[in-house]
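Owing to the predicted nature of the structure, the values given are computational and were not obtained by experimental measurement.
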Amino acid sequence: MRLSRYFLPVLRDVPKEAEIVSHRLMLRAGMLKQEAAGLYAWLPLGYRVLRKIQAIIEQEQDRAGAHEMLMPTIQSADLWRESGRYDAYGKEMLRITDRHERDMLYGPTNEEMITDIFRAHVRSYKDLPLNLYHIQWKFRDEIRPRFGTMRSREFLMKDAYSFDLDLGRAREAYNRMFVSYLRTFYRMGLTAIPMRAETGPIGGDLSHEFIVLADTGESGVFCHADLLDKPIPTHDVDYLSDLQPIVDDWTSLYAATEDMIDMAEFESTVPEDKRIAARGIEVGQVFYFGTKYSDPLGATVTDDEGKEVAVHMGSYGIGLTRVAPAIIEANHDDDGIIWPVSVAPFEVALINLKPGDKDCNTANEGLYQSLTNAGIEVLYDDRDLGAGAKFATADLIGLPYQLIAGPRGLKNNEVEIKHRRTGERETVSTDAAVARLLALIEPERRDKI
RNA sequence: CGGAGUAUAGCUCAGCCUGGUAGAGCACUGGUUUUGGGAACCAGGGGUCGCAAGUUCGAAUCUUGCUACUCCGACCA
């Protein structure tokens with residue numbers, strides 16, 4: 001992509017409405033534009049990040065045996081009356097009336113609808129287990145939206161729903177999602193720790209929140225330090241096998257949010273030098289809620305004895321529009337964002353230091369083509385601006401590597417690679433630059449781990 | 001919903017106290033010179049001062065009402 005033709009409205013000043021660093025950086029880097037309280041437009045650079053996050057989630061969900069679909073944003077109130085939640089949900093639910101005066105709502109979640117789909121088509125235990133998910137915009141009319149897309153009213157969420165014959169099998173479904181979440185967040189460059197959590201208004205008795213430690217996090221969290229560098233299950237993990245040992249391994253070390261913390265247990269099971277008390281951002285949640293919806297909505301299957309039983313369900317959410325700022329909270333410095341390669345909007349910023357110079361242009365155009373041909377996503381800064389402005393933009397938008405090509409180096413057939421995270425610079429020959437970048441980037445894509 | 005604040009150019013802000021016909025920096029347009037960390041100079045364009053009512057000869061400025069946005073709290077992927 002040529003920056004001269006791209007839409008990247010970076011801001012030099014800090015927008016006054018933004019308080020926390022991720023919100024400020026998302027606005028300054030031209031990723032977002034606020035349209036109203038808790039409502040944001042995702043500009044091209046931001047949307048690319050959202051798509052990267054989405055792709056990783058889809059790959060890992062599919063791998064774990066879930067099937068992607070898409071449900072509407074608008075739902076009929078009738079379904080919610082059946083489950084009893086139409087009255088219970090309160091003002092957070094945006095209620096809408098259509099032209100025929102029918103009560104509708106903008107979905108804050110989809111348990112009712114997915115259960116309705118299930119009951120319409122599934123009759124036998126032989127069709128289980130089943131896990132269906134979608135990635136769709138939701139709306140919750142928060143009393144006070146804040147922190148940009150970290151807590152917006154409209155938000156993009158992946159929600160998966162599992163259906164099983166009994167608690168034991170539901171637990172297996174839960175475990176599959178648990179393991180897939182470990183991999184999903186790791187691939188995004190996040191260290192997300194599963195913590196015991198309250199099940200909230202949705203109910204249930206088995207639940208973990210996946211928490212990213214960050215000073216700006218909304219919840220207080222307590223955990224064992226060893227959880228921070230625990231190895232993640234690899235891509236060859238067999239989702240058909242018994243995953244309980246992996247889940248047990250992860251849940252054997254103490255980790256709980258402030259709502260669930262048992263101080264006595266925390267202090268007795270975690271050595272003092274391993275105790276972490278910090279703040280965290282919840283990026284995902286898995287929970288089992290049994291027959292809470294299948295009972296009232298009549299989602300039953302016939303078991304192997306010919307008996308009708310309500311299915312045991314679980315649901316598994318990831319807030320995509322929250323993950324993006326969470327990644328920034330965990331990856332930035334004074335100059336701007338530092339994207340992990342796997343979610344970076346582009347992998348390389350190619351910086352042409354002197355667009356007016358014919359030789360310099362020729363060299364840069366060649367590098368641009370070579371990078372593109374090598375399958376590297378490159379944003380080519382071909383704008384007619386001073387070097388300082390280009391460096392500042394590149395640092396701000398946080399592409400993992402900068403390839404800097406100017407007359408001074410090109411005279412000796414040399415270009416410079418800057419590592420955004422470390423600030424490290426290496427000089428390489430023009431011919432070797434693409435291969436060197438590919439060698440750096442390839443493993444960091446985390447798509448084969 | 002309770003508490004606190006803000007609203008003036010695309011952005012960040014000054015002007016308001018003490019009323020007199022609107023400013024700066026950045027950004028933008030044209031030109032010249034520049035070019036390895038947000039370049040310099042010259043010349044320009046751009047504002048119903050959030051909205052409405054009131055006081056006044058006169059309101060960005062004072063009064064009242066409304067709206068939007070932000071922060072703290074309760075609530076939440």
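- Legend: residues meeting side-chain contact (heavy atoms from CB on, under 4.5 Å) with A170(A), ordered by chain and number and at least two apart, are D164(A), Y288(A), H312(A).
- The R140(A) side chain lies nearest to C76(B) when the options are A7(B), A74(B), C76(B).
- Remark: P of U12(B) and CZ of R24(A) are 13 Å apart, rounded to the nearest angstrom.
- Nucleotide G47(B) forms no Watson-Crick or G-U wobble pair with any nucleotide shown, as no partner meets the under 3.5 Å limit on both distances.
- With a cut-off of 3.5 Å on both pairing distances, A14(B) has no Watson-Crick or G-U wobble partner at all.
- With Y401(A) as the aromatic partner, R436(A) does not meet the cation-pi criteria of under 6.0 angstrom to the ring centre and within 45 degrees of the ring axis.
- One finds a side-chain N or O of R144(A) lying less than 4.0 angstrom from the OP1 or OP2 phosphate oxygen of C72(B).
- Between the C1' atom of U70(B) and the CD1 atom of I20(A) lies a distance of 14 Å, rounded to the nearest Å.
- Listed by first and then second residue, the salt bridge (Lys or Arg N to Asp or Glu O under 4.0 Å) pairs that reach into residues 248-260 of chain A are K230(A)-D249(A), sequence neighbours excluded.
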Going 5' to 3' through nucleotides 23-39 of chain B and flagging B where a protein heavy-atom sits under 4.0 Å of the base, S where only the sugar-phosphate is that close, and - otherwise, we get --BSS-------BBBB-
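- Atom CZ of F287(A) is separated from atom P of C76(B) by 12 Å (rounded to the nearest Å).
- Take D13(A) and apply the side chain to side chain donor-acceptor pair (under 3.5 Å) test, not counting sequence neighbours, and it matches no residue.
- Following rounding to the nearest Å, E19(A) (CD) and G73(B) (P) show an atom-to-atom distance of 11 Å.
- Rounding to whole angstrom units, CD1 of residue I143(A) and C1' of C76(B) are separated by 9 Å.
- Remark: D447(A) pairs with no residue by the side chain to side chain donor-acceptor pair (under 3.5 Å) rule, at least two apart or across chains.
- Distance CG (L8(A)) to C1' (G10(B)): 16 Å, rounded to an integer number of Å.
- Note on S219(A): nothing from the nucleic acid sits closer than 4.0 angstrom, heavy atoms only.
- Distance E218(A) CD to C76(B) C1': 8 Å, rounded to the nearest Å.
- The base-pairing partner of U32(B), taking Watson-Crick or G-U wobble contacts with both distances under 3.5 Å, is A40(B).
- Backbone-only contact: K16(A) has heavy atoms under 4.0 Å from sugar-phosphate atoms and none from a base.
- With a 3.5 Å ceiling on both atom-pair distances, the Watson-Crick or G-U wobble partner of A4(B) is U70(B).
- When both pairing distances are held under 3.5 Å, U55(B) makes no Watson-Crick or G-U pair with any nucleotide shown.
- When only modelled atom types and interatomic distance are considered, Y368(A) and R2(A) share no side-chain donor-acceptor pair under 3.5 Å.
- A perpendicular orientation is assigned to the rings of F289(A) and Y293(A), their planes being inclined by more than 60° (bins at 30° and 60°).
- Here R279(A) pairs with nothing under the side chain to side chain donor-acceptor pair (under 3.5 Å) rule; sequence neighbours left out.
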Between the protein and nucleotides 42-46 of chain B, which nitrogen or oxygen pairs are less than 3.5 angstrom apart?
none

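- Take E265(A) and apply the salt bridge (Lys or Arg N to Asp or Glu O under 4.0 Å) test, not counting sequence neighbours, and it matches R196(A).
- If you check every strand for non-hydrogen atoms under 4.0 Å, E17(A) touches sugar and phosphate atoms only.
- Note: CG (L39(A)) to C1' (U70(B)) measures 15 Å, nearest angstrom.
- In this structure, R146(A) reaches the C72(B) phosphate: one of its side-chain N or O atoms is under 4.0 Å from OP1 or OP2.
- As the counterpart of C76(B), no nucleotide is assigned, since no Watson-Crick or G-U wobble pattern has both distances under 3.5 Å.
- A salt bridge (Lys or Arg N to Asp or Glu O under 4.0 Å) check over residues 314-336 of chain A, counting only residues at least two apart or in different chains, returns the pairs E218(A)-R322(A), D333(A)-R420(A).
- For F391(A), the side-chain contact (heavy atoms from CB on, under 4.5 Å) partners two or more places apart in sequence, or in a different chain, are I351(A), L353(A), A387(A), Q402(A), I404(A).
- A donor-acceptor contact closer than 3.5 angstrom links the side chains of H419(A) and E426(A).
- For the segment residues 29-38 of chain A, the set of residues with a heavy atom within less than 4.0 Å of an atom of RNA chain B comprises Q34(A), A36(A), A37(A), in numerical order.
- U61(B): no Watson-Crick or G-U partner with both key distances under 3.5 Å is found in any strand.
- The partner of A27(B), taking Watson-Crick or G-U wobble pairs whose two distances both stay under 3.5 Å, does not exist in any strand shown.
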If you look only at distance, which donor and acceptor atoms sit under 3.5 Å apart when one is on a side chain in residues 25-45 of chain A and the other is two or more places apart or in another chain?
unit_1 : atom_1 : unit_2 : atom_2 : d
R28(A) : NE     : L11(A) : O      : 3.0
Q34(A) : NE2    : A36(A) : O      : 3.2

